[in-house]
K.L.:
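Please find one structure pasted underneath; my questions will follow.
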Amino acid sequence: MTVNITLPNGRTVNTGTKEGANYFIQDPSGPFEFFSQNLEHVKQVCDRIYHRRNKTPTPQEINEIGLLYTVASQLAENADYDVFAKIPVNEIHVYMEHIKVEIARMTEANSNWARTGALTHYHEQMLLEGLIGLAMQRVPIKLAFEMDFFGTLAMFASAPSTVAVDPAETITMIVANVAISTLVYKEELPSTAKVFAKLESCGMLEQFIRLSVVCPMSSPGVLKCYDQLHACSSFIEKKFTDDQPCGKACKEILGRSSLNRHPVVGKLRMIASFTNWIEKRADLPKEMRDGYRYCRKCNKMEHSPEFQRSLQKCSRCKSAWYCSRECQVGDWKAHKPFCRAVTSKASKVMRFNEQSVHDFIKDNYITILEEIVKVSSATGKKKGELLLELDFFDSSKYGRGAPALQTPPKFKIADSKGYFEGSRPNEPDWFYKHIDRKCYDGNVPMFVRGLKDTYNRLTDSHLLVLVRPPDNQGFGVYRMQLQSSTTKNHMFSQRTIDAATKAIEDEDFDPLTSLFGEGSDDTQRLREALGGPPDEATLDAVRAMLNMNFGGSF
């Protein structure tokens, strides 16, 4: 919408442009008083509409109200940040107070909103959409928290049981912009974690989660907001359990199969994965709460609490463990290039990312196993020579979801040495080789050393995994292992891969049955998933049931 305003000095400016917005705010003919000068008339028009029986505004009334809302939005979206900050705080305050009052009135007086979740009047849509730009400016954000603006917006969002796409998209973009702005104004706004805490305490974060799946394609800003939320592991630990409003909203969405392909659902799965891990950790001895550790140098690993308690952590990077002083000293030359001092918060985020990868592999074990067998048979490579590549970052323009979080998930099994030897033909597309050569050249040496180091420390039980994290900050390299719940056999050992190969290619399931035990849950799951018949133990149970119910001799 083009808005041309004639200033007292006779100049006409278009606030829909950067030049016009900047000049309008810095008008040399006098102080900025646009909001206070126009609000009284707009209030009168709004009161007139709400107090009459026919609440549909006339075209003239829409123009009178729309001028204020449109100019406020265009100034926030088009003016330079430092220029917008020159608007007197009291001017922005009176405007924000008016918007808050109108949203409260829309919640209470608009029965159609509560019934349908749709905004039927154009001036209401203009009011709400105008907040998207204001949520990118530091002064309106500060004032919004001071006046409990988001508490009012949360009540508005929660009034209808379902919300239409347009208002849902607008509300989620407002919240996302506020969260993203904490990265832009680090010195002037609370930290991202504190902003999420404020949004949660007034109920706005719960509504953001609920509304973020209404739109079929999420905006990049909304997905970026979730990426920031992932990094606030302490906050997630406290506020996303099943008994908390955000945890309940997350659980409700994840329980709806119709949303499985929604890009936001992948983000929520990662949060749920972390909270599940936290709950499981609570029942474990303290020294075992971050998973079973092993010595980085000699690979020694025992499940006993005594051994886990005896391992010593690298005090600098907090991610390497050793069974003795000799192992730590002997490994220092290899470990030193990758040892970086980290904060406790960063350490928790790393554990969060590693646990998410572990849960992904556990949930998709059959699919990964089948792909390993396929690639191994085609290339002649053993499992220890292969790598699993996972991408948890959504780089699509319209928020289609990270490849690893799509349904079905997308991943890659390839020759490990193709990532760190020669011309590195298997190097991921997301390494910026053809986008930012300087960034690529600066980071690839560290990647090659790290991946090669982890590759050289693999044992038969491990699967090498390369991961692009949700925030697209760097990469993760892991040695992952799974154990059978019954026999404790390693699910990625070469023996298991050979047995799966026999089952898939020769329909011979005896090696798998021998590994995981006849009648065990693991054996039944693998047989069913790989297209095999039930084992004898399962058939015997079925026969016994039939004999008991029908008196036969099956």
K.L.:
Once you measure the plane-to-plane angle for Tyr226 and Phe208, does it fall in the parallel (<30°), tilted (30-60°) or perpendicular (>60°) bin?
P.N.:
tilted

K.L.:
Please tell me whether Phe492 and Tyr365 form a close aromatic pair, meaning their ring centres lie under 6.0 Å apart.
P.N.:
yes

K.L.:
If you look at every heavy atom in Tyr81 and Tyr185, which pair is closest and at what distance?
P.N.:
CD2-OH, 2.8 Å

K.L.:
Does a side-chain heavy-atom distance below 4.5 Å link Met491 with Phe516?
P.N.:
yes

K.L.:
Is a side-chain N or O of Ser324 found less than 3.5 angstrom from the main chain of Cys327, in a donor-acceptor match?
P.N.:
yes

K.L.:
Consider only side-chain N and O atoms of Gln207 and Arg210, and report whether a donor and an acceptor are under 3.5 Å apart.
P.N.:
yes

K.L.:
Quick one: do Asp242 and Lys248 make a salt bridge, cutoff under 4.0 Å?
P.N.:
no

K.L.:
Please verify the inter-ring angle class for Phe150 with Phe145; under 30° counts as parallel, over 60° as perpendicular, anything in between as tilted.
P.N.:
tilted

K.L.:
Looking only at side chains, do Glu505 and Ser377 share a donor and an acceptor under 3.5 Å apart?
P.N.:
yes

K.L.:
Check whether any side-chain heavy atom of Val467 sits under 4.5 Å from a side-chain heavy atom of Leu388, and report yes or no.
P.N.:
no

K.L.:
Side-chain contact, heavy-atom cut-off 4.5 Å: Tyr478 with His358?
P.N.:
no

K.L.:
Is His230 close to Ile271 at the side-chain level, that is, under 4.5 Å between some pair of heavy atoms?
P.N.:
yes

K.L.:
Side-chain donor-acceptor pair under 3.5 Å between Ser212 and Thr172, yes or no?
P.N.:
no

K.L.:
How long is the span from the SG atom in Cys298 to the CD atom in Glu326, to the nearest 0.5 Å?
P.N.:
10.5 Å

K.L.:
Is there a donor-acceptor contact under 3.5 Å linking the side chains of Thr513 and Arg527?
P.N.:
yes

K.L.:
Tell me, which pairs form a side chain to side chain donor-acceptor pair (under 3.5 Å) where one or both residues lie in residues 444-456, sequence neighbours left out?
P.N.:
Arg296-Asp453, Asp453-Arg457

K.L.:
Is there side-chain contact between Leu386 and Leu464, with at least one heavy-atom pair below 4.5 Å?
P.N.:
no

K.L.:
Side chains of Ser484 and Asp522: any donor to acceptor distance under 3.5 Å?
P.N.:
yes

K.L.:
Using distance only, find each side-chain donor-acceptor pair of residues 252-260 under 3.5 Å and give its atom names and separation, not counting sequence neighbours.
P.N.:
from	atom 1	to	atom 2	distance (Å)
Glu252	OE1	Arg256	NH1	3.3
Asn260	ND2	Ser257	O	3.3

K.L.:
Do Gln481 and Ser461 have side-chain N/O donor and acceptor atoms under 3.5 Å apart?
P.N.:
yes

K.L.:
Can you name the closest pair of heavy atoms from Leu515 and Thr496 and give their distance?
P.N.:
CD1-CA, 3.7 Å

K.L.:
Which pair of non-hydrogen atoms, one from Cys295 and one from Cys323, has the smallest distance, and what is that distance?
P.N.:
SG-N, 3.5 Å

K.L.:
Can you check whether Asp510's main-chain N or O pairs, donor with acceptor, with Asp508's side chain at less than 3.5 Å?
P.N.:
yes

